[in-house]
Amino acid sequence: MRKGIHPEYRPVVFRDRAANYAFLTRSTMTSEKTIEWEDGNTYPVVDVEISDVSHPFYTGTARVLDTAGRVERFERRYGKKG
């Protein structure tokens, strides 16, 4: 890699505000906010809207869309051409 052209890759805390969950990982993201982590060090914190803890797919609360029913409802409303 060429020196001086890549962003700094460092530890960052990502905090899921919806689930009140945070995890420490490495990233190039930057933030003005900081948080003191469990190990006693201070890291930049990035607030995210959703993570694996609150996402419906991972939590098992995902809804399955009834696409066939939607098509039939559309055809009933607007009539089938043909």
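- With side-chain heavy atoms closer than 4.5 Å counting as contact, directly or through intermediates, I5 stands alone and belongs to no larger hydrophobic cluster.
- With sequence neighbours left out, the side chain to side chain contact (heavy atoms under 4.5 Å, CB included) criterion links R26 to Y9, P11.
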M29/V45 under side chain to side chain contact (heavy atoms under 4.5 Å, CB included): CA gap, chis, key distance, verdict:
CA-CA 9 Å; M29 295 279 297; V45 62; over 6 Å; no

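- With hydrophobic clusters built from ILVMFWY side chains whose heavy atoms lie under 4.5 angstrom apart, V12 shares a cluster with F23.
- Y21 and V46 fall within a single hydrophobic cluster, where Ile, Leu, Val, Met, Phe, Trp and Tyr side chains are chained together by heavy-atom contacts under 4.5 Å.
- When every heavy atom of E49 is checked against every heavy atom of A18, the shortest pair comes out as O-CB, 4.0 Å.
- At least one side-chain heavy atom of R15 sits less than 4.5 Å from a side-chain heavy atom of I35.
- Applying the side chain to side chain donor-acceptor pair (under 3.5 Å) test to pairs two or more places apart or on separate chains, those with a residue in residues 33-46 are K33-D47, D39-N41, D39-Y43, N41-Y43.
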